[in-house]
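Below is one structure, written out as structure tokens; the observations come after it.
One is the number of the first residue; the rest follow in order along the sequence.
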Amino acid sequence: MVYANGVHLERLNLDFNMEELEPRLRFRSMLPDGVFIEGAADGKLDGRVDIGFERLQVSYRKKLFSVEKPFRVVIDSEAVSVSRMTVKSGGGVIEIEGTRTFSGRNDFTVYGTRFQLSDVDDILSQNEDGEDGEDGRRFRGKVDVNGTITGTDIEPVMALEVHIDSLNFAGVDMGTLELELTYNDQQVQVFGDLNYGP
């Protein structure tokens, strides 16, 4: 096992080599709480750090989250930037991209479509084995999200639009749920519209 910057890694496998003066890394490791991570990346050093992830997979509680397309993380003297990172789980896709400056200013966008609420059901229902608990707490539905994170660390501004189709809770069909969530000036606002029906 390896400790790196406070991160506890178990069963860590690393494969590092140089190709045309560019470092290449393949890694596989187990993280705490049953999180398994595997990936491959290359790097460039030309006055900044430019890391390209060819493959990245995270497995948690029998759910697999995998990066659909290569993406890059660039670190220069002013900011850390993430190119469009496309994460797939089941039939759903989430895209994340943006920049965080070292002065604490953020500019991120998040877009998700066809994401299954059941993919995070065990987290929402605190049901570790992924099966129906005694209280029958189960979330299901198809989720689309669109959000932004801007502002600074001290004064963040967040906006999120969520559309959940075929919402089902504990076996009860709830219909379609539309949510708008905002956080600004230390205030949270939530607007919701539930079109109840089977």
Side-chain angles (χ1 to χ4, degrees), residues 5 7 27 31 35 37-44 46-61 63-124 139-167 176-195:
N5 296 328
V7 178
F27 54 91
L31 299 176
V35 178
I37 184 170
E38 179 181 13
D42 63 65
K44 297 180 181 179
D46 55 0
R48 60 180 186 172
V49 178
D50 185 342
I51 305 172
F53 288 87
E54 303 169 10
R55 188 179 77 257
L56 184 63
Q57 292 184 335
V58 178
S59 178
Y60 178 62
R61 292 184 178 176
K63 303 294 183 184
L64 179 64
F65 301 87
S66 60
V67 171
E68 192 75 350
K69 304 174 183 176
F71 71 98
R72 306 199 74 83
V73 176
V74 177
I75 306 172
D76 59 26
S77 60
E78 297 182 351
V80 177
S81 300
V82 180
S83 67
R84 181 172 293 180
M85 181 173 63
T86 304
V87 181
K88 183 177 180 181
S89 179
V93 174
I94 294 179
E95 295 181 350
I96 303 169
E97 68 177 334
T99 300
R100 184 190 188 283
T101 67
F102 292 122
S103 63
R105 181 166 294 278
N106 302 289
D107 186 7
F108 284 93
T109 60
V110 179
Y111 173 77
T113 183
R114 303 186 309 276
F115 196 74
Q116 297 293 326
L117 195 57
S118 59
D119 284 345
V120 291
D121 171 71
D122 53 348
I123 299 173
L124 293 174
F139 290 87
R140 299 189 188 281
K142 298 176 183 179
V143 184
D144 294 330
V145 297
N146 188 10
T148 59
I149 302 173
T150 58
T152 65
D153 293 346
I154 298 176
E155 297 181 344
V157 178
M158 291 177 261
L160 185 65
E161 296 179 356
V162 181
H163 172 89
I164 305 178
D165 191 32
S166 302
L167 176 64
T176 300
L177 178 62
E178 302 277 356
L179 288 174
E180 292 185 10
L181 301 92
T182 61
Y183 179 84
N184 190 11
D185 196 22
Q186 299 184 349
Q187 293 184 347
V188 177
Q189 290 185 324
V190 180
F191 301 94
D193 184 12
L194 177 64
N195 297 315

Between Val82 and Ile96, is there a side-chain heavy-atom distance shorter than 4.5 Å? no
Once rounded to the nearest 0.5 Å, what's the spacing between atom CG of Asp50 and atom CD1 of Ile75? 9.5 Å
Could you grab the distance from atom OG1 of Thr86 to atom CD of Glu95, nearest 0.5 Å is fine? 4.0 Å
Quick one: does Phe191's side chain get under 4.5 Å of Glu178's, heavy atoms only? no
Side chain to side chain donor-acceptor pair (under 3.5 Å) against Thr101, all qualifying residues, sequence neighbours excluded: Ser103
With sequence neighbours excluded, what pairs up with Ser77 under the side chain to side chain donor-acceptor pair (under 3.5 Å) test? none
Considering all heavy atoms of both residues, which atom of Arg84 and which atom of Phe71 are nearest to each other, and what is their separation? O-CB, 3.6 Å
What side-chain hydrogen bond (donor to acceptor under 3.5 Å, both in side chains) pairs are there with at least one residue in residues 105-114, not counting sequence neighbours? Asn106-Asp153, Thr113-Asp144
From CG (Leu177) to CG (Leu179), nearest 0.5 Å: 4.0 Å
What I'd like to find out is whether the side chain of Val110 reaches to under 4.5 Å of the side chain of Ile94, using heavy atoms alone. yes
Using side chain to side chain donor-acceptor pair (under 3.5 Å) as the criterion, list what pairs up with Asp165, not counting sequence neighbours. Thr176
Residue pairs passing the ring pair (Phe, Tyr, Trp, His ring centres under 6.0 Å) test where at least one lies in residues 86-107, sequence neighbours excluded: none
Criterion side chain to side chain contact (heavy atoms under 4.5 Å, CB included) on Leu117 and Leu167, from CA distance to verdict: CA-CA 9 Å; Leu117 195 57; Leu167 176 64; 3.9 Å; yes
Ignoring hydrogens, what is the shortest heavy-atom contact between Thr99 and Ser81? Give both atom names and the distance. OG1-OG, 3.2 Å
Chi angles and distances behind the side chain to side chain contact (heavy atoms under 4.5 Å, CB included) call for Phe115, Val93: CA-CA 6 Å; Phe115 196 74; Val93 174; over 6 Å; no
Separation between CD of Gln187 and OG1 of Thr182, rounded to the nearest 0.5 Å: 9.0 Å
Run the side chain to side chain donor-acceptor pair (under 3.5 Å) test against Glu78 and tell me which residues pass, sequence neighbours left out. none
With a 4.5 Å heavy-atom cut-off, do Glu97 and Ser83 have their side chains touching? no
Using every non-hydrogen atom in the two residues, find where Gln186 and Tyr183 come nearest and quote the distance to one decimal. CA-OH, 3.3 Å
Distance (rounded to the nearest 0.5 Å) between Thr150 OG1 and Asn184 CG: 8.0 Å
